[in-house]
Amino acid sequence: MNNTIKKVVVAGGGTAGWMAAASLSKLIGKNLEITLIESDEIPTVGVGEATIPPLILLHQLLDMDEKEFMKAVHGTFKLGISFENWRNVNEDYIHSFGYTGKDCWAANFLHFWLKGLNEGISKDYGVYCTELIAAQQNKFAVLQSGALNYAYHIDAGRYAALLRKVAEEHGATRQEGRIDSVATNENTGFIESVTLASGQRIEGDLFIDCTGFRGLLIEQTLHTGYDDWSHWLPCDSAVAVQTRSVGPPIPYTRSIARDAGWQWRIPLQSRVGNGLVFCSRYMSDDEAIQTILNNVEGETINDPRVIKFRTGQRRKHWNKNCVAMGLASGFIEPLESTSIHLIQKAVTRLIQNFPFEGIHESEIKEFNTQMDADTENIRDFIILHYHVTNREDTRFWRHCKNMSIPDSLQHRIDLFKETGRVFKSPNDLFVENSWIQVMLGQGLMPKQYHTIVDEMSDEELRKFMQGAELSVQRTVSQLPSHQAFIDHYCKAD
Ligand code: FAD
């Protein structure tokens, strides 16, 4: 056992650093001294602008008013992601955050839909999902009933600034300066202090490494090691560029598959974040820059910037007295906007198990086991998008279609194909409906439906499906346009 934890040092002030500092100071900061060190000389990664619904829970914990937050980050609402060209060129589908169809104790709605498809009763699967139809019709509102499940598109720089305000209001202090060296205890290997370029030494009991891909503490100091997943997730580069908006923002992210990767479009209130994630084995940086510039709408605001990464995760998210968060802990790639969520997971998990009385090996182990499970589940979900495709038109897509995949994912695919069943294991972030939407969207079709559905007559099934469709239509017809809602609810100054 180590000494009690009083001084927490957060190294790095990107989204991860400020999320950690804001959450720790607001929720358990009373008896802690929290210092965040960031360097104006080292820029943040500057991307990471699409989120998923659980972020709302973090904001509730931080007492963050939604309207003020949205104004501050020039935010728009997000109901899901449109995947274009992923299954075949010129075909698309939406993975929405909603629930599809109606609840029925007997079987998942999918099975009723499958039987209805055989009988010519069912329409497109998306017709039965409110969020999906609202997204397609460019409509949105925050409903008191909670009937719409949503997330946000945010300006990353503004979000970090907002979190900084929360952190400082709750007693965290910011220290400007570049960390030049890190000192460890020669017996325990624990980190004792960091020294800035100015010569200032900052001591701590617990260090949170949020220094981005470089992993200054977790890797460069503690040599924790990295599980490389590039054999499953081969993209290793991105080029990002911002453009001015040319029309009202849509309430969803666009993910458009290209020859050697995919392009994102994230609409904010006054600009659009664009980027191309690509595999350098099949596309050069220059080709990528040209591809993105050929495929953006609106005037570019900044020069395209290339970012290099390696997909995978640290062998330990928590090692000795250092917890890595954000890019310092690993990177799956941004296809389903899960990176900020994993920061949230790490910080809330740390808070729930905070080692006030000293660090125990067993809690490190438990923390790492849970983080691994979270990360590996997301990894499998992302690989699914690449691997289950009809595309074989470029070397990149042939590679993805034919590559080996984790056994855990193969099992999910086999189960779905054979029986139409999906499941949610305890650490799964994505619920059954997410897996179903992406599996169907990518072209997997179950061979059978659950026979319990045959208890329903065709007439009953027709009414059941019609009822589900009508309920979606009724809700969506009452929604204002996304732009109109933003204008009245949270328009940025
Ligand atoms: P960074 O933003 O890199 O911050 C690192 C910080 O460490 C900086 O403040 C820097 O000054 C500081 N620092 C580094 N070295 C030192 C030093 N020696 N001394 C002092 N300070 C130091 N996530 C999502 O959830 N949704 C998305 O849509 C999404 N899209 C992405 C697209 C791409 C192409 C990439 C690469 C990532 C994307 N992510 C996305 C991930 C997301 O960007 C990150 O999870 C998030 O921005 C957190 O980054 P970070 O704070 O870990 O690192």
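Every number for a ligand or one of its atoms is a count from 1 in the order of the listing. All values derive from a computational prediction rather than experimental measurement. Values below: all heavy atoms of this structure, side chains included; hydrogens, waters and symmetry mates excluded.
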[X] heavy atoms, cut-off 4.0 Å: which ligand 1 atoms fall inside?
X      : result
Ala238 : 34 (C)
Ala50  : 24 (C), 25 (O), 26 (N), 27 (C), 28 (O)
Glu49  : 27 (C), 28 (O)
Gly326 : 52 (O)
Ser337 : 25 (O), 26 (N)
Ala16  : 48 (C), 50 (P), 51 (O), 52 (O)
Trp264 : 34 (C)
Gly13  : 6 (C), 7 (O), 8 (C), 9 (O)

Nearest to [atom], what protein heavy atom do you find, and at what distance?
atom                    : value
atom 42 (C) of ligand 1 : Gly48 CA, 3.9 Å
atom 53 (O) of ligand 1 : Gly212 CA, 3.5 Å
atom 15 (N) of ligand 1 : Arg214 CD, 3.3 Å

Pick whichever of Gly17, Gly157, Gly177, Gly273 has a heavy atom sitting closest to atom 20 (C) of ligand 1.
Gly177

Using the side chain to side chain donor-acceptor pair (under 3.5 Å) rule, pick out the option among His95, Glu336, His153 that qualifies with Thr253.
His153

One residue to check: [X]. Relative to ligand 1, which of side chain, backbone, both or neither has a non-hydrogen atom less than 4.0 Å away?
X      : result
Thr253 : neither
Glu41  : neither
Cys210 : backbone

Quiz item: cation-pi between Arg310 and Phe331, 6.0 Å / 45°
no

Row check, Trp229 ring normal vs Arg379 NZ/CZ: under 6.0 Å, within 45°:
yes

Would you check whether Val45 has a nitrogen or oxygen atom less than 3.5 angstrom from a nitrogen or oxygen atom of ligand 1?
yes

Say whether Gly12, considering both its backbone and side-chain N or O atoms, lies within less than 3.5 Å of an N or O atom on ligand 1.
no

Any luck finding a side-chain donor-acceptor pair between [X] and [Y] under 3.5 Å?
X      : Y      : value
Asp380 : Ser408 : yes
Lys78  : Ser337 : yes
Thr100 : Asn433 : yes

Would you please indicate if the ring centroids of Phe190 and Phe207 are separated by under 6.0 Å?
no

Lys308 and Asp236 ion-paired at < 4.0 Å
no

Does Asp180 come within less than 4.0 Å of Arg201, counting only side-chain N to carboxylate O?
no

Does the Gln442 side chain pair with the main chain of His385, one donor and one acceptor, at a distance under 3.5 Å?
yes

Non-hydrogen atoms of Thr51 versus ligand 1: any pair closer than 4.0 Å?
no

